Each structure stands twice: as structure tokens, then as C-alpha cells.
S.K.: 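The following block contains the structure, expressed as C-alpha cells.
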Amino acid sequence: MLQKDFKRLTLYLLFAPFALWIILLIILPHIGMVALSLREKVAPRVYEFGFANYLDFINEPIYWNTLLRTGSMSLLVTALALIIGFPIAYYIAKLASNRTRGALFLLCLIPLWVSDLIRAFGWILLLRETGIISSFLVWSGIAGQPIEFLYNDAAVIVGLVYTVMLFMIVPLVSTLDGMDNSMIEAGYNLGGNGFTVLRKIIVPYAMPGIVSGCIVTFMLTAGSYLTPILLGGKNSSWFTEQIYNQFITRFNWEAGAAFGILLLLFTSVVIWLGLKLSGQTLANTVAKS
Amino acid sequence: MLSQNKTTAFILGYRLYVAAFFIFLAAPLVAAGAFAFNDSLFPALPWQGFTLDWFFNDTEPKLGMFHDDRLLRGLYYSFVIAVIVAALSILVGTTNAFLFVRGNFPAKNFFYIMMVVPLVIPGVILGISILVMASDTANYAEDVWGLDLEFLRPGIFLVVMGQFSFITTITSLVITARLKKFDETMEEAALNLGASRARVLRTITLPFLRPAMIAAGIVAFLVSFENFNTTLFLVGSEAPLTITMYDRMAKVGSTPVLNAVSFFLMVGSGLLALVSILVQRDKTKQ
Amino acid sequence: MTTSPMFDLECINIAKSFGAFRAVKDVSFNIPSGSFFSILGPSGCGKTTLMRMIAGFEEPTGGDIQIKGKSVLGTPPNKRNVKMVFQHLALFPMMNVFENIAYGLRCNGVSNSEIKKKVHDVLERIALPDVAEREIHQLSGGQKQRIAIARCMVLDPDVLLLDEPLGALDLKLREQMKIELKLLQHQFNTTFVYITHDQSEALVMSDNVAIMNQGRFEQIGTPQELYHRPSTAFVAGFVGDSNRWSGKVKTSDGSGGKVATEQGLEMAFTAAHGETIREGTEVDIFVRPEFIHTVRKTGSVGTGEAADNSMDGVVDSLLFNGANSRVLVRSAKGELIEADVTLTGNDDVKPGEEVSLVWSSKQAMCFAAQGAS
Amino acid sequence: MTTSPMFDLECINIAKSFGAFRAVKDVSFNIPSGSFFSILGPSGCGKTTLMRMIAGFEEPTGGDIQIKGKSVLGTPPNKRNVKMVFQHLALFPMMNVFENIAYGLRCNGVSNSEIKKKVHDVLERIALPDVAEREIHQLSGGQKQRIAIARCMVLDPDVLLLDEPLGALDLKLREQMKIELKLLQHQFNTTFVYITHDQSEALVMSDNVAIMNQGRFEQIGTPQELYHRPSTAFVAGFVGDSNRWSGKVKTSDGSGGKVATEQGLEMAFTAAHGETIREGTEVDIFVRPEFIHTVRKTGSVGTGEAADNSMDGVVDSLLFNGANSRVLVRSAKGELIEADVTLTGNDDVKPGEEVSLVWSSKQAMCFAAQGAS
Amino acid sequence: ETLRLLTWGSYAPEALIEKFEEEYPDIDVEVTFSNNEEMIAKLRATGGAGYDLAQPSHDRIYAAQFEYDIYKPLDLSKINTDAMQAKLLEGVKENTTIDGEVYAVPHQWGTSGLMADKTKAPDLKSWGDLCDPQYKGRTSMRLKRTIILGMAYEMGEDPFAAYSDLEKYQGILDKVSEKLIECKANIKAYWNSGDDLTAMMLSGEIVGSETWDSTAYKIYDQNPDITFVPPSTGALAWIDTFAIPRKGKADDAAYKWINFVLRPENVTIMSASTGAIASVKGAKDLLPEDKKAAVNAAFTDADIDNLKFFANIPPGVEDMEGRALEKIKAATGG
Ligand SMILES: Nc1ncnc2c1ncn2[C@@H]1O[C@H](COP(=O)(O)OP(=O)(O)OP(=O)(O)O)[C@@H](O)[C@H]1O
Ligand SMILES: Nc1ncnc2c1ncn2[C@@H]1O[C@H](COP(=O)(O)OP(=O)(O)OP(=O)(O)O)[C@@H](O)[C@H]1O
Ligand SMILES: NCCCCNCCCN
Ligand SMILES: [Mg+2]
Ligand SMILES: [Mg+2]
């Protein structure tokens, strides 16, 4: 039937851009990267198939330590962003009056307005020993001498939490927004106190938003580059930095590709675990925000 | 209203917390913006007095941003790239929305997940994977066929592709969400009133999607504009602004002209964000 | 089968299957020009599917649809002169009222000045002359309703289809729009085909009503015919409230006789329209509450009708609902029987009071039981 | 004011302002233990606000609320033994039925075995013994309704508040749930406070109804009192259908007399309950359709009641609606008057027929007009 | 046409570009700032396309060209080699000749060494002094190969000599890494760019650091107490060169630029911006006054004699050094 042919043709036409996008820009490049990571450099301009790059990773504690460090700090950042962001999201979605709600939400988006670079730049200006905060503390007499806030893990975490906060708050606000206020009232009405209502009603209800926010936050953090480099101290290596180094300063694309695959596997496993533990799926979390 | 049984102290504390949070959000931006007006060669305290030199002065060493060709060129490339990426990603985002909302095909769920996946791949990895594939292809073409596929070498094309590869997920999600809210009977109504399919698309469905497309476009534009991680690996000689600024910071030394650019960007994206909000406050919410 | 062009719409053995599921089964009907025709049936019985076939959104798996005597089977929906008002109206939110109404005209390539005139005219006719420049969200529910109709009527359709257009409105407005819809139909003098699962809508507005059940038409007739002379037990039960008993016929002359319910209640009955019911048949008996008169033991009030059934009982409870109040009477056999009463507030029946219920055998409609029906 | 502990709930001069807007104005009432009390009023009149104050979600700006004789003003909502069924039920979608019902018990620290027993019991009582393990989205609308009630009742509340719990259900289900709610209340024998803007719900279910308008209670009484002896024009107009005229009193002995409507129609009236109406007063007159008897010119049927008002007219149209059919009669002065008729399908009145409408002066309720009321 | 320069920050001052564009109106100059590693990485990714002129240091050309084939041979006849200091020219040619083809000529040279605030750290003289506990938390360095090499000299090794024996070089690397890890506790932060180094130094957050001489000269302008200090084992000298990428599309313009910036009057402008000394004859005299003063404050003739020129990096060394650097970075040193 003509109608059916037309439908089929439309479907193909709609599928084509999707397929081109996913195949050419996502699948093939990743296959290419896997292939590249399985090449061993045996001499200049001479390569062989092998797992040397991965073995290298396993045998060198620096590498996997850095990956673990990156992972654990990313989890920490994710947790902090959730803890700090949840009350804010709740305030915006449930407590603020209709008019302020829009304004507050807009304010939350402000950091998105400028790049990572400028955000980090701003933090440097604030945190450095001769920066604004330290100067203020000295000026106000709270501190006797300038204090260095920059160049340490705490600074990195502050900067990262700042950078990803938005991606935590937006899905939280949107799920909490969809929650009928009477649900919370019912929670109280049936005898729950503030804590019970939070634990048994609000948090479970917001779970898709929480998971969505956590996934995006975690992966943004683990994949970030500028913030840890610019704010980090002497000990703060970040896995992306090592990937960059492999590619750029060591011209070792093969190892860089292997590291890239490892980072991808690592974040995927963490995200997968998170989804399993929270009983959510990618489709009802990230795909919804 | 949902905390009526809490003490006023609790509410006050809550408000203070919210206020503190927004100060936290604003602080680095204010800091970055404020030093644009400091009459000093370094973006640092002490405050040396107010100046607009970092915007308008036309001589070294205090070359203002509007006279700094390299920054302006970066701005221009950023703009061009962002516009192309936004346009492409809206286009594909829209076809994806139709595909997943209207289409019926095997393994639809799986493909839907595939559509979301680029958002959870670290940007650095997207960058290098595309770089690797593009160079391999170009090298192969050169070695085997003697073809010089220059567009596969780092440059604007690859930057656009790299950004497009994950920004399309964002636009797809935004537009899909909107299309899901579309009442298909509206299309049937239009058909019923005598419109052809093409006309229905043009006069009913696309206008309905327009706010989402604009909003998605603005988000795409902003994300592209500020992207660093993916771009870093794909950039050629036409460097967009973030890269230019980074190079400036890391390789030359920053002057408050970077603060001036930051300030300029904040104002610009602020305006854009406002536009997107005005657009989304559309009249089609029944 | 010959087709006579005096019918605006004619369906002949129309059928629709979704896979193995038969949503519409061999439905045939025709609608005289200018009449108000309703299709009434429970949710899921296939009403919308039928209407979508008429509008061209679904292709029938069998049968023929003719509009003004011409088959429209191959005609795409945008070429059929059958307009439709959707359940949620499907007004275009991105256009104002004028543009909504003008939409169909523009599709037909009508000139701008002509459009202006026509839109203006139709707005006058629906008594909303001043809303042309309004946005859709600035209209009230009833106004939207009328705009949705105007949008179709401006195109001068052969038939207007309405799919539960009042479903989304609230109670009060629905009552009001019922009357208004009927008036509009009078005004435009166009054939309306109206879908609903609310019997009161169908009864109040229609010239003819088809009762649909499980993909089939059970009966087509005027509202009064359906109400008073239902031809199947389903129709009797679906249209209007009823006391319903299952029983067995004791004596019968084919069109009436005596029946005893399973609980042992005996009553005189009349066989339903056109049915012949023999002795010994298992039957369903329907008696409408408003035909049961509650006679108080003290100070009896004479009724003007032949009340050849009567039963004593005790008032169990009163469901006071203003003019639609009802009394529940428990018979000696323990059954609850509903009867309408008018409660004036002075000296009404009270729970516990002994009463007689009387009703005419004419109002006790009997249908041969059909398995689990 | 002394408080007697026989009332489960007592409100004394309760008031609530939102800024300058007074949503609830000095409302006082008390509800005897175990009764079904409804608050009926148009949208926005303050019903929900009142209920939220009782539940503790809003603090009154004045007055006192007492539950079982004790003021609960300072008590937070989770400490009040007043449970609430929300309009959209607010069942917790992330918990199954069992957990929904168990929630309140867990909050009270009830032991697990006890919880199991109680949940099981309450499910039995609402006749849904097998749904404990279902997810909320697997329930039908009516089932959800009952679970929402069970969730409250399992906590043995002093008072159960219900805020338009049937609002979201469809017509048929709403009809059915009306009866069911009443039965549940009987079963649990708990005080129900029921909010609605649907008069039929309030009338059918309640022991007592309060009519609320613009933040005030206009009248409290049994459904029949409200229907038959409304104390204000608002109540007369809001509860039940009415023909309504504005007019001026010609002669009066204070409690009744003669009145002429603006259109010149004259009739005998009775002053509304408790009102004294003098000659020359501007009044609103209400006559319910079911109290107007349509008398056909041919073959008159005697009515048992004193019908001291009578008017001739021509049948304009019949609104056939089964048992609730109505006739519209156009009077000689051109007015349309609605009267209920029973249409049997045999020899009914027809449009164009001349009829007399007769009604008793007792049924013509008169209220002194209050400005724009 | 466009001349796309891939060069160091400050190696293309705006004033000079304007002057060049005035002289050659049909040439448009576009600059990308980079560093040695990135130049190679970029050109490797592009297969030598995307740029028309690159300026890697002399020691970074041979291996990169050998492995990735990213440059094209220079046509020396188009370059005004006569103006160049013969010693520098020969040195660079020697380092960058493959199969008889020359791939680079020198542009300007400078050193990496130390800088110190004389008032606060008068005794900071050698690479090792950065690890002196008396400056605890008040020194800095860049975690790149320069500090490895400097520290190797400090420890009495000759790293460049060990290039021929990579095993031996690995030994040196291990030793140096250990030392640098120990040293970690002493330093405030690793600097990444001339920018953060300048900020730390000028604000007094640190008193001494490893540095490029040019950065030190700039700071000297602001605060004459801060001077470049050639380390006692000798400053490390580099020569930044000109090389033409294999797929460069504006060779003529590139040659024009090379000859242009080597003209005496332009050398002064260039040096004012870069702080480096051109490889032309009499270059020191062409330095602008302030730079001349800074250089004189920093260098004695003995220091100049003691310069250690970076030697060609053989393939594989980058990887070894990279690993050592990562190890240092990852070590927890306080
Ligand atoms: N596209 C479809 N595919 C499969 N089954 C369908 C489809 N459309 C309708 N049905 C089924 O056909 C039956 C009739 O559906 P239809 O929508 O016509 O009912 P309806 O009478 O309009 O009901 P309602 O009053 O609830 O609108 C239903 O059982 C429905 O599930
Ligand atoms: N938090 C509030 N702030 C300001 N005004 C309010 C607030 N809550 C309710 N109101 C106003 O108080 C009035 C009464 O509202 P309420 O919700 O009690 O009405 P209701 O009788 O329940 O109406 P409905 O039947 O529509 O639910 C309304 O005019 C409403 O706008
Ligand atoms: N290891 C080689 C360093 C080359 C430095 N060139 C420095 C230019 C700084 N502006
Ligand atoms: Mg339907
Ligand atoms: Mg309400």
C-alpha cells in the first residue's frame, strides 16, 4: 500500500541522520580507538598488535592510582554536589514563590554562561594566597597572614563542584517540580516528621533526578581537564591530564588511546553500578532531563 | 508552605543557606569580571583604579579586547563554529525527535540509549577518538590513493564534528521532550481541515516545536561556545575563543584583557539566556 | 445495495481489525441530511475507531463509507468533506482564534478578503463576534468548544463528526454545552455525528442514537425508542437506570405474562419490543426506578396508571439528591429495589417505613437471557 | 464558648487571610462523632483552605480548632489525629499498596507483625484483600480511591478529611464511588469531612452539609433542609436546579403573599425559612422544576397537592433524558420555564402543545434581593 | 594569502605583524600560540598541514621529523643566512639535517635557569637551591624536562651525553626523579605558564623559581630586585628555529617572514616582546635597553661560556621523560 511505503520511506529518512551521527562520530571512532590502543610501538615507525599499552597501565601504579584517584575524587565531588545542591533544588522547586522561582533558576544557570576556563580563572583570583579571599581575611583581621587556598585538592574539589553544580540542580528541580505538593503533605498528615518525609517520600520520588544528576556530574567531573589542572596542586594529577600527556607531550597515541578506553570503561562501570544500586535505568534518568 | 511546621529559625537558616549558595555561584564570575576594570597589567589585587582600557584601548601593553585581533578572531571562530553546530544539532535533534517519538522500529529502546550515550562519554575521549579516526582515514587516503583529505585534519570541520557529536544528544532530548507533549490529534485536525502533510508539518508541528528548537539552539550555542575538552584535540589553526584564551593564559601570560573578554561573554550569554527564557515562556502551554 | 444520495453519510458493513482484534464489526447505518446522530456506547466499544474511519485516519478492513452517495474509501483525510471536532478540541495553540478558523480556508486557497468575511460570519453565528484576535488560552472552556466547531463549520462540511467533545469539561459547563450544541446544530443545519459514552448527552441532543457495544451496533433509534423500547438487554441496561432481575417465565402468551425472579419475586411483564418469549425461558427483567411508585401505607395517593405489579417492603434508606432522589426498599425476600421519589421536605417517606411499590407490567421489560449477557 | 468533647471536630470563628485577601471568614461549626459532614461551595470559596487549616498545613489567622475537645492550634500536622484524602489522592508512586498503607504505621513505630496484620485487615474492609503487592499504577481509579482511604483509616483517625476525592474520576465511576464512600463511612464509623463543589455528591452522602460561599458558611443543615428550606438566595440557587425570577412583592403578610416578576408574571409565594418579607420588597423567587406540574389541556390529571400558582404556556421543546426529562414551556410573556416531566414513550406532551404549569406557593421560595446577589 | 604561524607566545608581537602586513599587503598573518610538544603533536595530527611556519626548538626537530615526517626541507637560498651568526646557524643545521636536507634555521636563543628575588633569596644560585629548606613553600618550578636536565647537572651528571645510552639515561632519570620527589615538599606549586609564575613571583608568594630567562626579564621590568640567575652548573640554552610544515601552503610568505624578522630594526621589536636574543650578528646590541640591562644584570661572560645547549632528543626519550614526570607528579611529597 502506498501509505505504508510512504511511512517506511519517512522512517528511513529519519533514521539516516541518526545512524550517520552515531556510526561516524561515536561508534567508528571508538572502534578506531580500541584498535589503536591495541598497537604496540616496538620501534620508531614500527607497530605490532598487542596488549602492551594495557599491561603498561596495569604494571604502573602511577597510572591506576591516578585513575582511582580521579574516580574517587569524582565520586566525592558528585556526593558534595548532591548534598549541597539538593536543598537548593528543593527550595527552588517547592519553597520559592512562583516569581522568585524563575529568577533563582536563572541564577543557577549563570555558571553555564561562561566557559570552564573563565570559571577556573575566577577561582584562581579568589583563592590564591594574594587573592581576594585571603586579602579579605587579612584585611578584616580574621587571619594574621595571607593564606594559600589554591593549589590543593580542596581547591580542585571546590572548582569542580562549582562547575558541575548546575547539572545536578537542573534535573533535581525538574523532578521535584513534577512532584505533587500534596504528596509531601500526605507524608506529614500520615504522621511522618520532616526526616521521614525526606527519606521515605521526597528522596525516593526524586530518585530519577538524583541519579540523572549524579551520572552527568560524575562523568563531567571524571572527564574534566582544565579545572584540576589550573586549580590543582603539586600532587593533583588527573587522568585526563595523563591522556593529554600521552597524546601531546609523549606523542604516544597508542597509550593515550588505551587510557581513553580505560577511562571510558571505568566511568561506564561506575555509572552502571550506580544505576543498578538505585534501580534506575539510563532511559528514565539522563534521557529524561 | 511545605515547612509550616518548622521553626522560624530553621526557615531563616534555610534562607541564609540559599543566599550563601548563590554568593558561591556568583563569586568567581564577579571576581573574573571585576578585574576587567582594574587599571593594572595583572589581574590581581591591589585595586589600581577603574579603567575601560581593557575593552577599548588600542595600544600595547594595555591592548583592549576590541583591538586585540587574535581575541577577536577567536571570538569570530567561536561564533561561526557555534552557529554551525547549533544549526546542525537542531536539525538532527529534530529528525531524532521524530524518529523516536513517531517512529516504530525494532530495537528502538536500544537506539534510544545509543542516542543518550554521547552525553556520558568524557569530552576528551570524544575529541581524541574522532581525531584518531580522522587522521587514520586521512593518512590512509594519502598513503594509498594519494588523496589529500584536508578536512579530516584538525580544523574547523573536525571541531564542529566533535562538538556536534555530543551536543546533538542535548538538542535531541530537548526537542524530543517537546514533541512528546505534542497532541497528535492537532495534526489530524489540520489534515481534517484540508491541509496536506507538508503543510501540516510547516504550519502546525514545526511551529509547535519552535520554542524547543530555539531553546535547544541556544543551549547548543552556549555549550559549543564554551567547549574546551573536545575542541582541544581537534582544533587547527582557526582556534575558537576558549582555546585562544587558554593559550594566552598558559603560553603568554594573562592581562586583564582576559577578564574583559570574560565580562563580555557573561553579558552576552546572559542576554542569550534571557532570550531563551522569553522564548520558552510561550503561549502554547494550555 | 443501492445508495440513495439523500443520506449525507452512509456506512455499509464497515469493519476494522487491529491485528486479530476486531474493533468494529460490520456496522451499517445511514444518516439523513441535517440530523443529529449520536453513537453511544461504553468505553472501548469502537466508537472512536468508527469515527476515525469516516474521517479517513484509519482504513476500514471491510465495507464501504459513502458521503453524499459517493464512496470515499480511497480519499485521503484532507480531501474528505467531513470535518471533525476532537475530544480535546485540538485547537492550534500557536495561532489565535482568527487563524485557527482561517486555517482550513487557507488550505483551500480561499482569498484573504473572503477568509475575513467567512471567519467573521461564523464567529457571529456562534455568538462570539469579538474573540477573533484572542489567543486560544484566553478562551473559556465553552468558548473553545464553540471555536472548534466554528473552525469546522466555516468549511461547510457535509458531515461534522464530534468525538466526545464535552468529555474534558466540568460538570456545570457540560450541562450547559449540551443545550448549546443542539442549538448550534439547528443553526448550521448540518449533519452532526456525535460520539459519547454519556447517555444523557446522547438522549438530550440527538435525533437518532446508535447504541454500540463491542464493535457492533445493538440498536438505532430515537432517544425515546431506545429508552422505552430497547431491543436488547444491553440497551435496556445501558440506557437509563434500571432495577434488573434474572428470572424464569411462568406463563406467557408470547408478548407478556408472568415471571418469577431467582429470588422468588413474581411479576407481570411485557416482552421487549419485537421479542417473543415463551414459557420456561430464562429472562432478564428491567424496571426503571421512575416507573415504580412508592405507595405509603398511610394515606395512599392514587396513580393514574394501571399498576399491575405490586410489592410490599420496608424503606431501607433514602438517597436524597434533590429532584433525583431515590428510595431503596427492601422486599420481604431481602432484595433491594430502587424507586424514584420526589422528596418535598414535608412528610416524606422515612427509613423503616412500610411501603408498597407498584409498577405496570408495561414497564417490566423482559429479554431472553443470552448466556452471560 | 464551652467546648463539649462529644464533637470530634469543632471550629470556632476560624479565619484565614492571605495578605489582604480573606479566604476564610469567621467560620464556626462542629461535627458530631461518626457523622458524614460535607462542605459544598463553588470553586475558590475557601473550602480547601479551611480543610488545610484543620489538617495543620495552614495556620489560621484567627479562631480555634478543636479535635475531640482539645485545641490543636500549636500542634504540627504530623501530630494531629486528623487524616486527609487528597484530591489527587497523593498515593506514593514509589511504594506499593502495602507500603503506602504501612507508611503511617511505620511513622508511629508500630511493629512489623502488627503492621502486617493491620494492613491486611484494612484491605479486607475495603474489599481489596489481594492488592497488597500491587504497584499504585496497576490500580484502577476506584481502587486507588479506596487505598487512599485505607491508608488513612488504618491509623484510626478522629476525623477523616476528604478534599474533592472524586474530582478526578470519570462520570460513571464517580456515581459508583459516591455510594461506596457512604458505605465505607458507615463501616468505619469515623467522622468524615467531605469537600466538594458537586451538589449531588454532597446531598447523597452527607448527614449534614455546610454551604460555603466567599469564605463564609451560608447555611448548615441536612441535605433536605438545604434543598427545601434554603436560608439564603445563594443556597437556593446553588443547591438543585431552579427557575429563578426577580420581582417585587405586591401583598404580603410577612411570611407569604403575592409577588410579580419583572416580566409581569404574578404568583403566590412563601417567604424563605425564617425570613420576613414586606410589601414592596425586591425579591428573588425560586421554583424548582420538579415542583412544577405540567397539566395538559386535554384530559387533565389531578395532582394531590395544593397548586395555588398556575400559568398557561406552550411547550417549546422537550429535553428527553430518560427519568430526568424536562419540558421547556414558553409563557404568554415569552419567558421559558423549566418543568420536570416523566416521559413514558406513550402519549407524552409534544412541542407546540398548550399546557398549564401549576405549582404550590409553598414551593415558590422568596428571598429579599441583596444588591447584586 | 594567509601566513599561518605556529609559534611561541610573544613570538609574534602585534606591532611586528602590522609592520609586516604593511610591507606585504597581500599577506595576512594568523598566529597560533603553542609550545614544543604541542607543535609536534599538532603537526603530527595534521600530517604537517594547517600551518605555514613553525618554530620548534632546535633539539625537537630531528626525532619528530624522523618519526612523523611533518616538515619539508628548507630552501636555504631563500633565506638571508648571511645575517645569522655562523655558529648558531651551523649548530642548528647540524642538529636538523636528515638525508642531507636541512629542516630548520635558527631564530633566537635564550636560556632556562633560575630567578630569585635578591632581597629575599640572595643565596639562590643553583638548581638544587630550589629544594633548600630555608625556602620551604617559597619556590616553584615547571614540571617539564628542563628541570630534569638542570637537576641532572646539579647532581653531577651529563644528561645530554647519556642520550646515546638510553639505559644509562634511565638511571639518571630515576635518580633525578627521586630528588625531585623529595623536593616536592619544598615547592609551593608547579607553574604552568609564564603567567602564573609571574603572578606568584611579583606578589611575593614565592622568592625563587626555575624560569625562562625572558619571563625573568619581564619581571625585572616591574621589580628590579628580581633577576635571572644562571645556575652554577650552567644555564640551559635553547635555540628556537624556523621550520616549514610539510603541507604548508604559503612557503614564500614564510620565507618573507623569516627574512623580515631577522632584519635588525625588527629584531629589536621582537626581542622587546620575547626577551630572547636573536641569532643574527650583533644581536646583543639590538636588544632594547631594558632587556639589555636585564641581561647584563643576569649574565657574566663566564655564564655565557658555561651555557649548556639542549642536545637533539633521540626517539623514545620523550616517553621516558614523560613517565618520570608523571611519577613525580603523582608522588605524594607533601
Ligand atoms: N491503533 C490501534 N491498535 C490496536 N488496537 C486499537 C487501536 N485503536 C483502538 N484499538 C482498540 O480498539 C478498541 C476500540 O477503541 P476505540 O478507541 O474506538 O474505543 P472508544 O469506543 O472510542 O472508547 P472511548 O469511549 O474510551 O474513547 C479498543 O479496545 C482499543 O483498545
Ligand atoms: N497560598 C495562598 N496564597 C494566596 N491566596 C490563596 C492561597 N491559597 C488559596 N488562596 C486563595 O484563597 C481562595 C480560596 O482557595 P481554596 O483553595 O480554599 O478554594 P476552594 O474552595 O478549595 O476551591 P476549589 O473548589 O477550586 O478547590 C482562592 O481565591 C485562592 O486563590
Ligand atoms: N625546552 C625548550 C624550551 C624552549 C623555550 N622557548 C621559550 C619561549 C618562551 N617565551
Ligand atoms: Mg474514543
Ligand atoms: Mg480546593
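Just so it is clear, the model here is predicted, and its values are computed rather than measured. Below, each value reflects all heavy atoms present in this structure, side chains not excepted, and no hydrogens, waters or symmetry copies.
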S.K.: With a 4.5 angstrom heavy-atom cut-off, which part of B/Phe22 approaches chain A: side chain, backbone, both or neither?
M.R.: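 Contact with chain A: side chain only.
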S.K.: Using the test side chain to side chain contact (heavy atoms under 4.5 Å, CB included), find all partners of B/Ser135 that sit at least two apart in sequence or belong to another chain.
M.R.: A/Trp253, B/Leu131, B/Asn139, B/Arg153
S.K.: Is a donor from one side chain sitting under 3.5 angstrom from an acceptor on the other, for B/Gln163 and B/Ser224?
M.R.: yes
S.K.: If you count heavy-atom pairs within less than 4.5 Å of chain A, which of B/Phe100, B/Tyr14, B/Phe105 leads?
M.R.: B/Tyr14
S.K.: Out of B/Ala31, B/Ala32, B/Ser165, B/Pro122, return the one with the most heavy atom pairs under 4.5 angstrom to chain A.
M.R.: B/Ser165
S.K.: Is the backbone N or O of A/Thr130 less than 3.5 Å from a side-chain atom of A/Ser134, with the two atoms forming a donor-acceptor pair by type?
M.R.: no
S.K.: At a heavy-atom separation under 4.5 Å, does B/Phe111 approach chain A through its side chain, its backbone, both, or neither?
M.R.: both
S.K.: Counting only heavy atoms closer than 4.5 Å, note whether A/Leu264 contacts chain B via side chain, backbone, both or neither.
M.R.: both
S.K.: Donor-acceptor pair, distance only, cut-off 3.5 Å: does the side chain of A/Thr70 make one with the backbone of A/Phe239?
M.R.: yes
S.K.: Check whether B/Asn227 gets within reach of chain A through its side chain, its backbone, both or neither, counting any heavy atom under 4.5 Å.
M.R.: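 Neither; nothing under 4.5 Å.
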S.K.: Taking every heavy-atom pair that is under 4.5 Å apart, which of B/Val92, B/Ile128, B/Leu222, B/Ile130 has the most such pairs with chain A?
M.R.: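 Greatest number of close heavy-atom pairs with chain A: B/Ile128.
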S.K.: Heavy-atom distance under 4.5 Å to chain A: side chain of B/Phe225, backbone, both or neither?
M.R.: neither
S.K.: Between B/Asn104, B/Leu91, B/Asn259, B/Ile125, who has the most heavy-atom pairs with chain A when the cutoff is under 4.5 Å?
M.R.: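 Highest number of pairs under 4.5 Å: B/Ile125.
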S.K.: Report which part of B/Leu232 has an atom under 4.5 Å of a heavy atom belonging to chain A: side chain, backbone, both, or neither.
M.R.: side chain
S.K.: Donor-acceptor pair, distance only, cut-off 3.5 Å: does the side chain of A/Lys94 make one with the backbone of A/Leu176?
M.R.: yes
S.K.: Quick one: of B/Leu265, B/Thr95, B/Val124, B/Leu25, who has the most non-hydrogen atom pairs under 4.5 Å with chain A?
M.R.: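 Looking at each option in turn, the highest pair count goes to B/Leu25.
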S.K.: Would you call the rings of B/Phe21 and B/Phe24 parallel, tilted or perpendicular if under 30° counts as parallel and over 60° as perpendicular?
M.R.: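 B/Phe21 vs B/Phe24 ring planes: tilted.
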S.K.: Tell me which of these, B/Val132, B/Asp136, B/Ile170, B/Thr176, has more heavy-atom pairs under 4.5 Å with chain A than the rest.
M.R.: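 When all of B/Val132, B/Asp136, B/Ile170, B/Thr176 are compared, B/Val132 has the most.
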S.K.: Classify the ring geometry of A/Tyr244 against B/Phe233: parallel below 30°, tilted from 30° to 60°, perpendicular beyond 60°.
M.R.: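 Rings of A/Tyr244 and B/Phe233: perpendicular, as their planes differ by over 60°.
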S.K.: Give the table of side-chain donor-acceptor pairs shorter than 3.5 Å for residues 216-227 of chain A, with sequence neighbours excluded, one pair per line with atom names and distance.
M.R.:
{"unit_1": "A/Thr217", "atom_1": "OG1", "unit_2": "A/Gly213", "atom_2": "O", "d": "2.7"}
{"unit_1": "A/Thr221", "atom_1": "OG1", "unit_2": "A/Thr217", "atom_2": "O", "d": "2.5"}
{"unit_1": "A/Ser224", "atom_1": "OG", "unit_2": "A/Thr221", "atom_2": "O", "d": "2.8"}

S.K.: Counting a contact as any heavy-atom pair under 4.5 Å apart, which residues of residues 255-262 of chain A contact chain B?
M.R.: A/Gly256, A/Gly260
S.K.: Angle between ring planes, B/Phe228 versus B/Tyr246, binned at 30° and 60°: parallel, tilted or perpendicular?
M.R.: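 The arrangement is perpendicular - the two ring planes meet at more than 60°.
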S.K.: Would you please name every residue forming a ring-ring contact (aromatic ring centres under 6.0 Å, His included) with A/Phe266, sequence neighbours left out?
M.R.: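 Residues passing ring-ring contact (aromatic ring centres under 6.0 Å, His included) with A/Phe266: none at all.
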S.K.: Check whether A/Ile27 gets within reach of chain B through its side chain, its backbone, both or neither, counting any heavy atom under 4.5 Å.
M.R.: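 Just its side chain gets close to chain B.
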S.K.: Quick check, are the ring centers of A/Tyr91 and B/Tyr17 under 6.0 angstrom apart?
M.R.: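 Ring centres of B/Tyr17 and A/Tyr91 not closer than 6.0 Å.
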S.K.: Heavy-atom distances under 4.5 Å only: say whether B/Asn229 touches chain A with side chain, backbone, both or neither.
M.R.: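 Contact with chain A is through the side chain of B/Asn229 alone.
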S.K.: Measure A/Ile118 against the heavy atoms of chain B and call it side chain, backbone, both or neither at under 4.5 Å.
M.R.: both
S.K.: Between the side chains of A/Ser97 and A/Thr100, does any donor sit under 3.5 Å from an acceptor?
M.R.: yes
